Engineer: 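The structure follows.
Here the structure is a predicted model, which means the values were calculated and not measured.
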Amino acid sequence: NPVWSRGPNGDDRWGECSNPDDRNKPLSLRLHAILFDAGFRSIEGSPLQYMVDIVGHLATYHCFYQTVDESAVLTCAVCAPALVPAAARRQVSEFITALNFNLKLGAFEITFVDGIFRFRAGIPLGDTTPNPTMVASIAYVGVAMFDRYWPRMLEIIAGARSGVDAAALP
């Protein structure tokens with residue numbers, strides 16, 4: 001299946017890290033180099049977290065990359081383009097519980113306090129070093145999931161469909 005998501009400036013180019021094999025650099029700096037080389041110029045966040053916007057088929061999504069140097073893990077949380085209202089959170093939770101049961105990579109999550117809704121996936125790197133394809137793919141899986149399921153979420157939020165009914169659709 002083609003990936004409909006686009007990187008910075010709406011293109012597919014993620015660039016090359018100037019020195020992706022430099023294992024003496026912290027994982028967060030190697031990730032920053034890949035994102036910067038890919039054309040992302042408004043990289044925000046702490047030294048261990050970067051936020052970039054990626055254009056999907058249905059929306060532009062905030063993607064939060066996080067690194068954990070000690071365990072060599074790279075994660076990306078792709079956030080929904082809107083918060084889930086308090087009245088719809090239980091129904092959305094029922095829907096994503098059913099979806100998550102069959103997912104092979106990543107999972108949907110929701111916070112009941114403020115309605116932040118995201119898809120998070122992670123890659124344990126082990127002895128490998130991140131590369132542009134890996135960094136792009138971990139975000140694209142979340143963007144693709146939202147492009148596929150966001151219309152059903154909107155139906156649940158609007159009260160037009162229950163979480164259980166939405167999960168039963170193909």
Engineer: Partners of Thr111 by side chain to side chain contact (heavy atoms under 4.5 Å, CB included), sequence neighbours excluded?
Structural biologist: Asp114, Ile116
Engineer: Has the side chain of Gln91 got a donor or acceptor atom that lies under 3.5 Å from a matching backbone atom of Gly163?
Structural biologist: yes
Engineer: Taking the side chain as C-beta and beyond, is there a heavy-atom pair between Tyr140 and Ile54 under 4.5 Å?
Structural biologist: yes
Engineer: Contact between Leu125 and Met134 at the side-chain level, heavy atoms closer than 4.5 Å - yes or no?
Structural biologist: yes
Engineer: Measure from the side-chain N and O atoms of Arg161 to the backbone N and O of Ala166, and report whether any donor-acceptor pair falls under 3.5 Å.
Structural biologist: no
Engineer: Would you mind reporting whether Leu58 and Phe146 have side-chain heavy atoms less than 4.5 Å apart?
Structural biologist: no
Engineer: To the nearest 0.5 angstrom, please state how far the CD1 atom of Ile110 sits from the CG atom of Leu83.
Structural biologist: 9.5 Å
Engineer: Could you measure the distance from the CG atom of Leu105 to the CD1 atom of Ile138? Nearest 0.5 Å is fine.
Structural biologist: 7.5 Å
Engineer: Out of curiosity, does Phe112 fall in the hydrophobic cluster containing Val84 (side-chain heavy atoms, cut-off under 4.5 Å, transitive links)?
Structural biologist: yes
Engineer: For the CG atom of Leu31 and the CD atom of Gln49, what is their distance to the nearest 0.5 Å?
Structural biologist: 10.5 Å
Engineer: Same cluster or not: Ile123 versus Leu103, using hydrophobic residues (I, L, V, M, F, W, Y) connected whenever any side-chain heavy atoms lie under 4.5 Å apart?
Structural biologist: yes
Engineer: Between Phe119 and Val141, is any pair of side-chain heavy atoms under 4.5 Å apart?
Structural biologist: yes
Engineer: Any side-chain heavy atom of Asp37 sitting closer than 4.5 Å to one from Pro132?
Structural biologist: no
Engineer: Distance check, rounded to the nearest 0.5 Å: Tyr149 atom OH versus Phe117 atom CZ?
Structural biologist: 11.0 Å
Engineer: Under a 4.5 Å cut-off applied to non-hydrogen side-chain atoms, are His62 and Val78 in contact?
Structural biologist: no
Engineer: Indicate the atoms forming the closest heavy-atom contact of Pro130 with Ile34, along with that distance.
Structural biologist: O-CD1, 3.5 Å
Engineer: State the SG-CZ distance between Cys76 and Arg118, to the nearest 0.5 angstrom.
Structural biologist: 10.5 Å
Engineer: Check whether any side-chain N or O of Tyr65 sits under 3.5 Å from a backbone N or O of Val135 as a donor-acceptor pair, and report yes or no.
Structural biologist: yes
Engineer: Give a yes or no on whether the backbone of His57 and the side-chain of Asp147 come within a donor-acceptor separation of less than 3.5 Å.
Structural biologist: yes
Engineer: Phe108 and Phe95: aromatic ring centres closer than 6.0 Å?
Structural biologist: no
Engineer: When you measure from the side chain of Ser93 to the backbone N and O of Arg89, does any donor-acceptor pair fall under 3.5 Å?
Structural biologist: no
Engineer: Give, for atom CZ of Arg120 and atom SG of Cys79, the distance between the pair rounded to the nearest 0.5 Å.
Structural biologist: 10.5 Å
Engineer: So, for Val143 and Gly56, which heavy atoms are closest and what is the spacing to 0.1 Å?
Structural biologist: CG1-CA, 3.7 Å
